[in-house]
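This report refers to the structure that appears directly beneath it.
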2 protein chains.
Amino acid sequence: MTFPALNVFTPNALSGGFDGRDEDASVHDQVYEALATLLIQGQIPPGKSVSLRTLASGLGVSPMPVREAVRRLIAQKALELQPSNKRLRVPSLSEDRLKQLMMARQWVEPELAFRAVAAMTRDTIAELKADDQRLMAALTKGDVDGYMQANHAFHFRIYRLAQADLFLDMAKTLWLQSGPFMRVVFGRLGTVQLPQDHHQELIRAFESGDAAAVRQHMSDDVHEGMELMLEALKR
Amino acid sequence: MTFPALNVFTPNALSGGFDGRDEDASVHDQVYEALATLLIQGQIPPGKSVSLRTLASGLGVSPMPVREAVRRLIAQKALELQPSNKRLRVPSLSEDRLKQLMMARQWVEPELAFRAVAAMTRDTIAELKADDQRLMAALTKGDVDGYMQANHAFHFRIYRLAQADLFLDMAKTLWLQSGPFMRVVFGRLGTVQLPQDHHQELIRAFESGDAAAVRQHMSDDVHEGMELMLEALKR
DNA sequence: GCCTCGAAAATGTGATCACAAAACAGCGGA
DNA sequence: TCCGCTGTTTTGTGATCACATTTTCGAGGC
């Protein structure tokens, strides 16, 4: 399998990020957002080693802001410095670590969804439906990257509504850590076997304002996705 | 009230950290450990603004490794850049954020304690008892800083045993965020009114290998401490 | 064809410089 | 005594340089 990896970098590719508003953000922040998006959507495979200068020239900036962005990502365990080399790398997941990730995600993400119920609007529900349609379209096209992106958009559109910064950050960190491996697993399985997610039920629960159901469906959704990864890891 | 703050910096004060092993660690890591310890033990008050160059000269290094350490701490929300100024500061806690901190700590720390039961040894229990004695001694002496330090040592001696890196990192991040405010509250209350913690019960539960009791007592301990902070914040 | 070795390139780390923006101190005036 | 202005200092940010270590890779020998 080949990864698009860092070819996405056209000179001055800085403007990506998940939500497009950057305006006067510092270079450091733009670099961070760019890298974080790549990682969350799994466009850099686990074990892949990256380098400051390569990233920097790929993004058209000096190594300095990249160093700070990378430091941040290391703090979130989205990147790691191998102790032998001191060289930069996307971490691989052990079974133990994956289980912890699953537990943490299953704790924080249902809570976020629960809190989002009160703030949910008709407009956001429409956007969620659009996300879900993009997701289904990607599935039928066999477009794993499209699936990753739409799934990410769907979930964090909900989480942002929860008005719970700390929990939101925790969720981001957890996604940063699971993204690369998730992409590998889903890519290996192919879109046909991808989990029958619970997005439809989630949307319906949001529409009826049933907070308990929202929590439950989000829990199921996270559980199913992570369970798939766990099985893949054991083989 | 006065804070010892950064006067603790003697030229080349780098060697602190919580556990003393630094040997060949990079300057960046040493700076990070030094700052993290200061923050966790609340030796820098919330709202206090710090500066890269001040920290750097206080630690006897160039601003460069400090920048990276600070970036890391910002990622953990142990420091923040105020958006107006772009100036560096120890964050203050809103009631909302404090509640999230409490929920997160009450989820992750009992889990860590639970997992530590299997790995607990007679030696570690002895060390825990020593920590608790230092804690009690600090209480009777009215030594708030000593209390903070002993409490930190006690808890993370347990958490390190759990062999759960991800959860351990989450706990560290949460302590980094609560440390400064906790120090203020406990300092204001005075050591006399400090929570009657559950360390004794915890130790007994560890001795008898009762994992369920360990989880429960840790939950109570965290709850009581955070509840105290919550009440203080409301006033 | 395969291995070994050594020069060249690349990497992370730390220090230093340059610059614009913000904070600060001190002075003059009301 | 208090307010407002101005020149100085301090701040974060980004770029560049220097250096030790590691990786890479191609030439030479078997």
Side-chain angles (χ1 to χ4, degrees), chain A residues 5-6 9 11-15 17 22-35 44 47-91, chain B residues 5-6 9 11-15 17 22-36 39 44 47-91:
Chain A
L6 303 181
F9 289 159
N12 262 12
L14 296 184
S15 62
D22 38 8
E23 357 175 349
D24 54 347
S26 66
V27 179
H28 154 75
D29 278 313
Q30 298 178 49
V31 171
Y32 173 79
E33 291 299 334
L35 292 180
I44 313 181
K48 168 100 180 178
S49 63
V50 295
S51 89
L52 294 182
R53 286 175 173 85
T54 305
L55 290 175
S57 73
L59 291 156
V61 298
S62 91
M64 173 68 29
V66 180
R67 281 165 71 169
E68 304 189 36
V70 159
R71 220 32 114 162
R72 220 167 130 184
L73 290 164
I74 291 175
Q76 298 177 298
K77 302 224 178 291
L79 291 176
E80 70 178 359
L81 275 120
Q82 7 194 3
S84 54
N85 286 1
K86 303 240 164 207
R87 228 166 201 79
L88 211 51
R89 179 172 64 174
V90 179
Chain B
L6 303 182
F9 289 160
N12 263 12
L14 296 185
S15 61
D22 37 11
E23 353 174 351
D24 55 347
S26 66
V27 179
H28 154 75
D29 277 315
Q30 297 178 51
V31 171
Y32 173 80
E33 290 300 334
L35 292 181
L39 286 166
I44 314 181
K48 170 97 178 179
S49 64
V50 296
S51 90
L52 294 182
R53 286 174 174 87
T54 305
L55 290 174
S57 73
L59 291 156
V61 299
S62 90
M64 173 65 34
V66 180
R67 281 166 70 168
E68 304 187 37
V70 159
R71 223 27 117 167
R72 217 166 133 186
L73 290 165
I74 291 176
Q76 298 177 297
K77 302 226 175 292
L79 291 176
E80 71 179 358
L81 272 106
Q82 6 193 8
S84 53
N85 286 2
K86 302 240 165 208
R87 227 166 201 82
L88 210 52
R89 181 173 63 174
V90 178

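Throughout, protein chains are lettered first and strands after them, A, B, ... in sequence-line order, and every chain is numbered starting at 1. Worth knowing before you read on, the calculation uses all heavy atoms, side chains too, and leaves out hydrogens, waters and symmetry mates.
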Partner set under side-chain contact (heavy atoms from CB on, under 4.5 Å) for B:Q82, not counting sequence neighbours: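 Once residues adjacent in sequence are excluded, the partners of B:Q82 under the side-chain contact (heavy atoms from CB on, under 4.5 Å) criterion are B:S84, B:N85, B:R87, B:R89.
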
Atom [atom1] in [X], atom [atom2] in [Y]: separation rounded to 0.5 Å?
{"X": "A:L79", "Y": "A:S49", "atom1": "CG", "atom2": "OG", "result": "11.0 Å"}
{"X": "B:R72", "Y": "B:L35", "atom1": "CZ", "atom2": "CG", "result": "10.5 Å"}
{"X": "B:R71", "Y": "A:H28", "atom1": "CZ", "atom2": "NE2", "result": "3.5 Å"}

OP1 or OP2 of [N] under 4.0 Å from side-chain N/O of [X]:
{"X": "A:T54", "N": "C:dT11", "value": "yes"}
{"X": "A:S51", "N": "C:dA10", "value": "no"}
{"X": "A:N85", "N": "D:dT23", "value": "yes"}

What is the distance, rounded to the nearest whole Å, between atom [atom1] of [X] and atom [atom2] of [N]?
{"X": "A:L79", "N": "C:dT11", "atom1": "CG", "atom2": "P", "value": "15 Å"}
{"X": "B:Q82", "N": "D:dT11", "atom1": "CD", "atom2": "P", "value": "13 Å"}
{"X": "B:I74", "N": "D:dT11", "atom1": "CD1", "atom2": "P", "value": "15 Å"}
{"X": "B:L52", "N": "D:dT13", "atom1": "CG", "atom2": "C1'", "value": "10 Å"}
{"X": "B:L88", "N": "D:dT10", "atom1": "CG", "atom2": "P", "value": "17 Å"}

At under 4.0 Å between heavy atoms, which parts of nucleotides 14-21 of chain C does protein reach? Answer with one letter per nucleotide, 5' to 3': B base, S sugar-phosphate only, - none. BBB-B---

Can you name the closest pair of heavy atoms from A:S62 and A:P65 and give their distance?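 So the minimum-distance heavy-atom pair works out to O-CD, 3.2 Å.
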
Are any side-chain N or O atoms of B:E68 and backbone N or O atoms of A:R67, one a donor and one an acceptor, separated by less than 3.5 Å?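 Between the backbone of A:R67 and the side chain of B:E68 there is no qualifying donor-acceptor contact (under 3.5 Å).
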
